[in-house]
> 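Quick one: this structure, given as structure tokens, is what I'll be asking you about.
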Amino acid sequence: MILYFSGTGNSLAISREIAVETGDRVMAMGEESDLRGERRVGLVYPCYWFNAPRAVMERVRKMEISREAYVFIVISCGAQAGNAIWSVRKVLEEKGVEVAYSNKIREPDNSAIGFGRNPNEQGWKFEKYAGRMRSIAMDVAREERKLRYGWWGPIGALCGGKRMQGWTLPMLTPKVSEEKCVGCGICAGVCPQGNIKMEGGKARCGGECTQCLACVHFCPHQAMELGKRGTPKEHQYHHPGVTMRDLMRGGN
């Protein structure tokens, strides 16, 4: 079983590529928490500001995994892994579950849009790291036992700390533009947290946002905005091998 958490498809695409080699099922993280019957369990998720997404940490804490299972972690990141693997390893170790393999793969950074940059200009990463992606998939299929990027680091701790998050999270937390929102409901459908509800014909964001930015990238009217900055259509990104329907809750 490969469980993924994904806002714009990077982690889903990685999960699918690994599954081609392993034959494992791919499922959205959170749909299944009792994994005691699984011989191999994979966790694939993004790195958000040098750490694992809060939503991933919450889901992993609820998981029940056999201590005999081969457990692996692969993260997608724009560049640095920070403590994104270490944080989840620590939670699993507290349950008595060992992570046998960990690695990262660089993909376009969907949070770049929050800083005025275009994630689509990072498409070169797919070709550059294609060989590495195949190597990771083969490692997992062979059930290699090696940890990469899975140790605690001071830079990750500093950048992922509360003080730094106090600066970054407001910049990466979407707000609804009342003028642009037409109530189509796409944002609510792609939100992996179920954080967006439709009320009075408009989208309403709750308090469970994990900054995945799925709503920002998929809104056809660019009605989900970051800070006081609008969302340029040409900056909206999703993995080229993943569709909006794939990411709708319940899809895989």
Side-chain angles (χ1 to χ4, degrees), residues 1-7 9-48 50-77 81-105 107 132-153 156-157 160 192-194 208 210 212 242 246-252:
M1 173 80 75
I2 303 175
L3 302 171
Y4 70 89
F5 181 86
S6 194
N10 287 339
S11 297
L12 173 53
I14 291 169
S15 299
R16 287 173 169 173
E17 189 155 350
I18 295 173
V20 168
E21 294 291 335
T22 64
D24 287 314
R25 290 183 295 157
V26 174
M27 184 179 292
M29 196 178 291
E31 291 183 19
E32 179 62 68
S33 58
D34 188 349
L35 305 167
R36 288 173 293 183
E38 299 292 332
R39 187 185 67 80
R40 178 166 51 211
V41 177
L43 304 176
V44 183
Y45 55 89
C47 174
Y48 286 174
F50 295 88
N51 214 333
R54 176 176 55 83
V56 169
M57 298 292 289
E58 292 172 352
R59 285 161 168 78
V60 171
R61 288 189 180 99
K62 296 177 182 178
M63 290 180 185
E64 296 182 72
I65 302 174
S66 168
R67 296 186 181 188
E68 305 303 318
Y70 174 80
V71 179
F72 68 91
I73 295 174
V74 178
I75 66 166
S76 61
C77 59
N83 289 334
I85 294 173
W86 174 82
S87 294
V88 172
R89 273 189 62 212
K90 184 179 178 182
V91 171
L92 291 174
E93 286 175 355
E94 290 172 354
K95 296 171 174 281
V97 176
E98 177 191 6
V99 175
Y101 180 90
S102 64
N103 217 323
K104 74 171 184 179
I105 187 77
E107 304 240 318
R132 180 184 180 87
M133 184 65 250
R134 286 192 294 272
S135 177
I136 290 173
M138 292 174 66
D139 281 349
V140 172
R142 292 191 297 261
E143 297 194 352
E144 297 279 359
R145 303 185 72 85
K146 58 183 178 182
L147 295 175
R148 299 196 65 189
Y149 311 105
W151 307 101
W152 181 88
Q193 285 286 81
E208 297 300 319
T210 195
C212 77
V242 175
D246 290 333
L247 291 167
M248 287 286 185
R249 274 181 291 163
N252 60 12

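These numbers were taken from a predicted model, which means no experiment stands behind them. Counting from 1, the numbers follow the sequence of the chain as shown.
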> Roughly how far, to the nearest 0.5 Å, is the CD atom of Glu32 from the CD atom of Glu64?
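Here the interatomic distance stands at 9.5 Å.
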
> Is it true that, when you exclude Arg132 itself, more than 12 heavy atoms of the residues, nucleotides or ligands shown sit nearer than 6.0 Å to its CZ?
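Yes - once you tally the heavy atoms of other residues, nucleotides and ligands closer than 6.0 Å, there are more than 12.
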
> Please tell me if the side chains of Val140 and Glu21 come closer than 4.5 Å, counting only heavy atoms from C-beta onward.
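Sidechains of Glu21 and Val140: no contact.
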
> Would you give the length of the straight line joining atom CD1 of Ile73 to atom CH2 of Trp86, rounded to the nearest 0.5 angstrom?
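If I round to the nearest 0.5 Å, the distance is 12.0 Å.
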
> Looking at every heavy atom in both Ser87 and Asn51, which two are closest together, and how far apart are they?
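Taking Ser87 first and Asn51 second, the nearest heavy atoms are OG-OD1, 2.7 Å.
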
> Tell me if a side-chain donor or acceptor on Glu107 pairs with a main-chain N or O of Ser76 at a distance below 3.5 Å.
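No.
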
> So, are Glu58 and Arg54 salt-bridged, with charged N and O less than 4.0 Å apart?
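Yes.
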
> May I ask you to say whether Asp139 pairs ionically with Arg148, meaning some side-chain N is under 4.0 Å from a carboxylate O?
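Result for this pair is no, no salt bridge flagged.
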
> Counting C-beta onward and ignoring hydrogens, is there a side-chain heavy-atom pair between Pro53 and Pro46 closer than 4.5 Å?
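Yes; the side chains approach each other to less than 4.5 Å.
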
> Quick check: does any side chain N or O of Asn83 sit under 3.5 Å from a backbone N or O of Gly153, one acting as donor and the other as acceptor?
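At least one qualifying donor-acceptor pair exists.
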
> Would you indicate whether the side-chain heavy atoms of Tyr45 and Ile75 approach each other to under 4.5 Å?
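Of all side-chain heavy-atom pairs linking Tyr45 with Ile75, at least one is under 4.5 Å.
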
> Output the distance between atom CD (Glu144) and atom OH (Tyr70), rounded to the nearest 0.5 Å.
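Taking CD in Glu144 and OH in Tyr70, the distance rounds to 7.0 Å.
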
> Using the rule side chain to side chain contact (heavy atoms under 4.5 Å, CB included), only one of Ile18, Val41, Val99 pairs with Phe72; which is it?
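Output: one option passes, namely Ile18.
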
> Taking all non-hydrogen atoms of both residues, which atom of Gly9 and which atom of Ser6 are closest, and how far apart?
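Answer, listing the atom of Gly9 first, then Ser6: N-OG, 2.9 Å.
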
> Quick check with a 6.0 Å cut-off and a 45 degree axis cone: is Arg89 positioned over the face of Trp151's six-membered ring?
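Yes, Arg89 and Trp151 form such a contact.
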
> As a test of understanding, state which of Ile2, Asp246, Val44 forms a side chain to side chain contact (heavy atoms under 4.5 Å, CB included) with Arg16.
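For Arg16, the side chain to side chain contact (heavy atoms under 4.5 Å, CB included) check succeeds only for Asp246.
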
> Taking NZ in Lys146 as the centre, count heavy atoms belonging to other residues, nucleotides or ligands within less than 6.0 Å. Is the count above 12?
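Result for NZ/Lys146: enclosed.
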
> Which heavy atom in Leu3 sits nearest to a heavy atom in Met29, and how many Å separate them?
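Closest approach of Leu3 to Met29, heavy atoms only: O-CE, 3.8 Å.
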
> Is Glu38 close to Ile65 at the side-chain level, that is, under 4.5 Å between some pair of heavy atoms?
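SC-SC contact between Ile65 and Glu38 ruled out.
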
> Considering the options Leu92, Asp34, Leu43, Val97, which one meets the side chain to side chain contact (heavy atoms under 4.5 Å, CB included) requirement together with Met63?
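Passing option: Leu43.
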
> Give, for atom CD of Glu98 and atom CD of Glu68, the distance between the pair rounded to the nearest 0.5 Å.
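Rounded to the nearest 0.5 Å, the CD-CD separation comes out at 10.5 Å.
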
> Would the number of heavy atoms belonging to other residues, nucleotides or ligands and lying under 6.0 Å from CD of Glu94 be above 12?
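Correct, the count exceeds 12.
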
> When you look at Ile14 and Tyr4, which way does the side chain to side chain contact (heavy atoms under 4.5 Å, CB included) test go after all the steps?
CA-CA 9 Å; Ile14 291 169; Tyr4 70 89; over 6 Å; no

> Evaluate whether atom CZ of Arg134 has more than 12 neighbouring non-hydrogen atoms of other residues, nucleotides or ligands under 6.0 angstrom away.
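Not buried by this count: 12 neighbours or fewer within 6.0 Å.
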
> With rounding to the nearest 0.5 angstrom, report the OG to CD1 distance, Ser102 to Ile136.
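The distance works out to 10.0 Å.
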
> Is it true that, when you exclude Lys95 itself, more than 12 heavy atoms of the residues, nucleotides or ligands shown sit nearer than 6.0 Å to its NZ?
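For Lys95, atom NZ is crowded (more than 12 foreign heavy atoms under 6.0 Å).
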
> For a 4.5 angstrom cut-off between non-hydrogen side-chain atoms, does Cys212 reach Tyr48?
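The answer is yes; the side chains approach within 4.5 Å.
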
> Hey, could you give me the SG/CZ distance between Cys77 and Phe50, rounded to the nearest 0.5 Å?
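That separation rounds to 9.5 Å.
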
> Using every non-hydrogen atom in the two residues, find where Gly7 and Leu247 come nearest and quote the distance to one decimal.
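That would be O-CD1, 3.6 Å.
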
